[in-house]
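Accompanying notes for the structure given below.
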Amino acid sequence: MKKLLLPLLGAVAIASGALAGTETYYGKEMKQVAPLPCPAWYADREFNVGIWGTYVFTGNDWVNDRYLETDHAWGGGLDLKYFFCRYVGVGIEGWAVDARQGHEDVFIDFSEDIFERRIRHQRNAIGSVLGTLTLRYPIPCTRFAPYIFGGGGAIFGGGQRERFHETAGNLVLPVATTDHLGATTEATGQLGAGLEIRFTPHIGWINDFSWNVVNGRDNNFGMVRTGINFAF
C-alpha cells in the first residue's frame, strides 16, 4: 500500500506545480482604438480667392472729410492670396464703392450784395488697389481661423477740391464763384482683423473690419467686409 501511495502523491505534486504556473483569463479581449484624425479644413499651402461686399464710413463728418467726401458708401471687392505656410499669406486686393459726394457751391456778388450757398450731390466711383500680408491661426480641429492683415497701395476717384475763383464783376467789386477740381490719387494704408469659417476645405465665409489711412487724419475711414472665400 505504501509503495502505491508514494508514486500517487508525487504525481499529484507535479500536476499541482504545472497548474500553478498557468494563468487563465476569462471575459472579452480588450483592444485600444486610435482616435480618428481631425478634418483638414485649412491646408499648409493654398491659394485663396475672396469675393466680398463692403461698407465704408468716414472718420469725420463728410463736410470735414477731404477724400471720400461722404458719410458712408457701399461697394464690393476681390482679393487674391497665397499662403506659403498654414499661418502666413501674401496677396493683392482691389475694391470700389459708389460714393454720393457732397460739394459746396458758393456765389458772391459784392456789388449786388448777393450771397448764395448750396450743397450739390453727385455720385462717383472710388476705388483702391493694395498689396497685403495676412497672418491667420486655424484653430485645431475646428472650422474657425481668426486673422489679422495689413497692406499698402493707392486710392483713386476721390479728393475733389473746391476753390474760390474771383471774376472781374464790375470795375469796383469782384464776383466770387466756386471751381471744382478733379479727383486725385493718394497713397493709402490698411490694418484690420477678421474671422473665417470654413463650410468645406475649399469654401469659407469671411468677415472683417479694417481702418484705412489716406494722407492725413481728416481722410481716414473704416471698412467692413463680408463674403465668400474659395481655397485651392
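Residue numbers run from 1 in the order of the sequence given.
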(Q) I'd like to know if the side chain of His72 reaches the main chain of Val56, judged simply by a donor and an acceptor atom lying under 3.5 Å from each other, with no hydrogens or angles considered. (A) no
Q: State which residues pass side chain to side chain contact (heavy atoms under 4.5 Å, CB included) with Ala96; sequence neighbours excluded, sorted by chain then number.
A: none
Q.
Suppose we screen for side chain to side chain contact (heavy atoms under 4.5 Å, CB included). Which residues come up paired with Phe199, at least two apart in sequence or across chains?
A. Ile203, Trp205
Q | CG-NE2 distance between Asn229 and His202, expressed to the nearest 0.5 angstrom | A | 12.0 Å
Q | Heavy-atom pair with the smallest gap, counting every atom of Phe230 and Ile51 | A | CE1-CD1, 4.3 Å
Q. Is Ile148 reachable from Tyr87 through a run of I, L, V, M, F, W or Y residues, each pair having side-chain heavy atoms under 4.5 Å apart?
A. yes
Q: Could you tell me which residues satisfy side chain to side chain donor-acceptor pair (under 3.5 Å) with Tyr147, sequence neighbours excluded, listed by chain and number?
A: Asp208
Q.
Return the CG to CD distance between Asn124 and Glu69, rounded to the nearest 0.5 Å.
A. 8.5 Å
(Q) According to salt bridge (Lys or Arg N to Asp or Glu O under 4.0 Å), does anything in residues 149-158 pair up with another residue at least two apart or in another chain? List the pairs. (A) none
Q | Val88 vs Leu135 side-chain heavy atoms within contact, under 4.5 Å | A | yes
Q. Can you list every salt bridge (Lys or Arg N to Asp or Glu O under 4.0 Å) pair that touches residues 147-157, not counting sequence neighbours?
A. none
Q.
Quick check: do Tyr82 and Arg45 have side-chain heavy atoms less than 4.5 Å from each other?
A. yes
Q. Which atoms form the tightest heavy-atom contact between Ala99 and Thr70, and what is the distance?
A. CB-CG2, 4.0 Å
Q. Do the side chain of Tyr42 and the main chain of Arg143 share a donor and acceptor less than 3.5 angstrom apart?
A. yes
Q) If two hydrophobic side chains count as joined below 4.5 Å and joins carry through other members, does Ile92 share a cluster with Ile228? A) yes
Q: Taking all non-hydrogen atoms of both residues into account, name the closest pair between Ser128 and Ala154 and its distance.
A: OG-O, 2.8 Å
Q: Under the side chain to side chain contact (heavy atoms under 4.5 Å, CB included) rule, collect the residues that match up with Ile139, sequence neighbours excluded.
A: Tyr137, Thr142, Phe144, Pro146
Q. Could you state the interatomic distance from CD (Glu93) to OG1 (Thr132), rounded to the nearest 0.5 Å?
A. 6.0 Å
Q | Set of residues satisfying salt bridge (charged side-chain N to carboxylate O under 4.0 Å, His left out) with respect to Glu196, sequence neighbours excluded | A | Arg198
Q) Which residues pass the side chain to side chain donor-acceptor pair (under 3.5 Å) test with Trp52, sequence neighbours left out? A) Asp79
(Q) Checking Cys141 now: which residues fulfil disulfide bond (SG atoms under 2.5 Å apart) with it, not counting sequence neighbours? (A) Cys38
Q) Taking all atoms of both residues into account, what is the closest heavy-atom pair of Arg136 and Arg86, and its distance? A) NE-O, 2.7 Å
Q. Shortest non-hydrogen contact from Trp95 to Leu130?
A. NE1-CD1, 3.8 Å
**Q.** hydrophobic_cluster_shared for Ile206 and Met223, side chain cutoff 4.5 Å
**A.** yes
Q | Counterpart residues, side chain to side chain donor-acceptor pair (under 3.5 Å), relative to Ser210 (two or more places apart) | A | Asn212
Q: State whether the side chain of Tyr67 and the backbone N or O of Ile155 hold a donor-acceptor pair below 3.5 Å, judged by distance alone.
A: yes
Q | Atom of Ala73, atom of Asp98 and distance for their closest heavy-atom approach | A | CB-O, 3.5 Å
Q.
Taking transitive links into account, so neighbours of neighbours count too, which hydrophobic residues share a cluster with Phe209 at under 4.5 Å side-chain distance?
A. Tyr55, Phe57, Trp74, Trp211, Val213, Val224
Q | Spacing of Thr185 atom OG1 and Asn215 atom CG [to the nearest 0.5 Å] | A | 12.0 Å
(Q) Please tell me whether Trp41 and Phe232 are part of a single hydrophobic cluster in this structure, the criterion being side-chain heavy atoms less than 4.5 Å apart. (A) no
Q: List the steps and the verdict of side-chain contact (heavy atoms from CB on, under 4.5 Å) for Asn207 and Leu195.
A: CA-CA 6 Å; Asn207 297 276; Leu195 176 69; 5.6 Å; no
Q. Are Leu191 and Val90 connected in the hydrophobic side-chain network, where two residues link if heavy atoms are under 4.5 Å apart?
A. no
